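Computed from a predicted structure; not experimentally measured. Numbers restart at 1 for each chain; the letters A, B, ... are given by sequence-line order, proteins then strands.
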Amino acid sequence: MPEFQRPRGTRDFGPAEMAKRRYVEAKMRETARLFGFGEVMTPTFESTELFVARSGEGIIEELYAFEDKGNRKISLRPELTASVMRFYVNEMQNLPKPVKIFYFGNCFRYERPQAGRYREFFQLGAELIGAPSIESDAEVIALALATLKNLGLEDVVVRIGHLGVLNKFIDEFGVKKDTQIEIRRMIDKQDFESLNTLPDGATANKDVNDRLIKLIRLKGGAETIQKARELMDGGDPSLDYLADLLDRLNAYGFDNCQVDFGVARGLDYYTGMVFEIDAPSLGAEKQICGGGAYTLADLFGGQEVNSTGYAFGFDRIMLALEKSGVDVPSQNLEIYILPICDEAKIAAIKILSELRNAGISADMDLMSRNMSKAMKYANSVGAGKVIIIGEKELAEKSVTVRDMKTGEQARVLISELNDYL
RNA sequence: GCCCGGGUAGUGUAGCCUGGUAACAUAUGGGACUGUGGAUCCUCUGUGCCGGGUUCAAAUCCCGGUCCGGGCCCCA
């Protein structure tokens, strides 16, 4: 029994899994780069107040919060958006607009671990700041979709909503702000029962209520917007906005987006478009991405600025890739060198170094194993080719190169080895 | 915070119901076959999540904890 166990909800990643994770990370970074987003990094911990300012007092329960030796109230970050916007307010407000940034990092939440939910997890997100246009919203959603597409993750559902639609209904209830937030929460949870018996006497308007419930059940393509118009006495500017947004996403080449008026998101700094992406294969914790248009900089003491952003749950993407059978290459060794007599070892090291200097991943037998076991080892680490050096090869300054996939072998002069490979 | 199911060599499993010598496969280490080999053969090492209870005796039954998994709550 090991003396020390990993803390609950954390994970160790071995070489094989890390190779896959790095591969996926690289793909996602590359897509962001193609879209003109630049990477930023912020501290792993921040003042607790920052997260409270973004998400409310209730969040402290789920934070890894502590006091440091200077009695500062500190928390491990539970998400990255707050840090990135804090960074923006501190140092990036005067950059030319729009500011397009993305980030990747570990986050911490004190929650009950579950499938696809850990206490230390990884997020990759992007923010487009300072361009309050429908094109910015489209650009950000397009980046999220392109990222998934480049990873080969096809089995996803994209749902786009608009808070303007919901707010119009909520205004009609004529309730206080707290109640509005509560209602939005019910909508987010699709809690129809509570919606039928709204607090503050809002149930008085049964007709509005019925139409709201019908509305948030609407889900589908562009035709859904027309149905919504009927429920909203001819329409609303936010419906036109969604229609235009779908046109733009089509132009990007994404025609699989659904409109879903039930997407509400829990927070009240979202201002307009909101979207979520699910991977249905994942079960209860199937949401792999959430985002929308928001203003947050002013909450952190900066100038009010319109932004659009999202965050991917990186771990869930890894799970979804695995469940969907998407092939994620793990790094393999290109060359394994096997000196089979003592005299060959110096020659082996020389070749090893030359290969490495030429940028070819190479390894050699360090255990003086017999050929059978050495071949078995080379096979198990996925070596592409094995170079065998023994007395015969030494005598004629050559090596034997064996292709581990085809089984073909060739005797090659050491001086010609680079060209041969 | 709540409900359910689990935890047996590194890994995957059997045994648990009905208490009595912990088993199998595979992997790792070592060895043989002494340069055409990824095979085969031999061999060492290594195991009951933790704590308590019942019992002559607990992997097995009971209680508590812990971790993992499925779900609820929550999900910024």
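- A straight line from CD of A:E62 to P of B:rC74 spans 10 Å, rounded to a whole angstrom.
- Nucleotides B:rU43 and B:rC4 are separated by 46 Å at their C1' atoms, to the nearest Å.
- Residue contacts for A:R6: at a heavy-atom cut-off of 4.0 Å it reaches no nucleic acid atom on any strand shown.
- Side-chain contact annotation: A:S324 with A:D155, donor-acceptor N/O pair under 3.5 Å absent.
- With a 3.5 Å ceiling on both atom-pair distances, B:rA27 lacks any Watson-Crick or G-U wobble partner.
- The listed nucleotides are B:rA76, B:rG35, B:rG30; the one nearest the side chain of A:K392 is B:rG35.
- The aromatic ring centres of A:F121 and A:F314 sit 6.0 Å or more apart.
- In this structure, A:Y294 atom OH and B:rA76 atom C1' are separated by 12 Å, rounded to whole Å.
- The base of B:rC74 lies close enough to the side chain of A:R117 for a donor and an acceptor atom to sit less than 3.5 Å apart.
- Checked by atom type, the side-chain pair A:D278/A:Q287 shows no donor-acceptor distance below 3.5 Å.
- When both distances must be under 3.5 Å, the Watson-Crick or G-U wobble mate of B:rG64 is B:rC50.
- Here the separation of B:rU45 from B:rG53, taken at their P atoms, is 33 Å to the nearest Å.
- Panel note: side chain A:S55, backbone A:V52; no donor-acceptor pair is recorded below 3.5 Å.
- Both the sub-6.0 Å distance and the 45° axial angle are not jointly satisfied by A:R29 relative to the ring of A:F102.
- A distance of about 14 Å separates the P atoms of B:rG51 and B:rA58, rounded to the whole Å.
- Heavy atoms of A:Q123 sit nowhere under 4.0 angstrom from any nucleic acid atom.
- Here the C1' atom of nucleotide B:rC74 and the CZ atom of A:F51 are 18 Å apart, to the nearest Å.
- Checking B:rG69, B:rC74, B:rA76 against every side-chain atom of A:P78, the shortest atom distance belongs to B:rA76.
- Atom-to-atom, NZ of A:K286 to P of B:rC72 comes out at 10 Å; the value is rounded to the nearest Å.
- Among the atoms of the strands shown, none is found under 4.0 Å from any heavy atom of A:G313.
- For the pair A:E285 CD and B:rC75 P, the interatomic distance rounds to 12 Å; values are reported in whole Å.
- Contact of A:R402 with B:rG35 (side chain to base): no donor-acceptor pair of N or O atoms is detected under 3.5 Å.
- Taking atom CD of residue A:E393 and atom P of nucleotide B:rG35, one finds them 11 Å apart after rounding to whole Å.
- Side-chain atoms of A:E396 never come within 3.5 Å of backbone atoms of A:S398 as a donor-acceptor pair (strictly under, hydrogens ignored).
- Judged by atom type and distance alone, A:R8 does not reach the base of B:rG65 through any side-chain donor-acceptor pair under 3.5 Å.
- A donor-acceptor pair is defined here as one N or O able to donate and one able to accept, closer than 3.5 Å; such a pair exists between the side chain of A:T406 and the backbone of A:E408.
- Nucleotides B:rU11 and B:rA27 place their P atoms 15 Å apart, quoted to the nearest Å.
- Distance noted for atom P between B:rU47 and B:rA23: 12 Å (whole Å).
- The A:R112 side chain lies nearest to B:rG71 when the options are B:rG71, B:rG30, B:rC75.
- One C1' atom belongs to B:rC3, the other to B:rC44, and the distance between them is 47 Å to the nearest Å.
- Of the candidates B:rA39, B:rG35, B:rC33, B:rC33 carries the atom nearest the A:N370 side chain, counting heavy atoms from C-beta on.
- Remark: the separation of the P atoms in B:rC50 and B:rG10 is 13 Å, to the nearest Å.
- A donor-acceptor contact under 3.5 Å is not formed by the side chain of A:K373 with the base of B:rG29.
- A:R369 has a side-chain polar atom (N or O) that falls below the 4.0 Å cut-off from OP1 or OP2 of B:rG29.
- Here, B:rA59 and B:rA14 have their C1' atoms 12 Å apart, quoted to the whole Å.
- Residue A:Q114 contributes atom CD, which lies 13 Å from atom C1' of B:rG1 at whole-angstrom precision.
- Remark: B:rA39 base-pairs with no nucleotide in the shown strands. Criterion, Watson-Crick or G-U wobble with two distances under 3.5 Å.
- Rounded to whole angstrom, the span from the CG atom of A:L63 across to the P atom of B:rA76 amounts to 14 Å.
- Looking at which nucleotide of RNA chain B each of A:E79 and A:G9 is closest to, the 5′-most match is held by A:G9.
- As the counterpart of B:rG1, B:rC72 is assigned, both hydrogen-bonding distances of the Watson-Crick or G-U wobble pattern falling under 3.5 Å.
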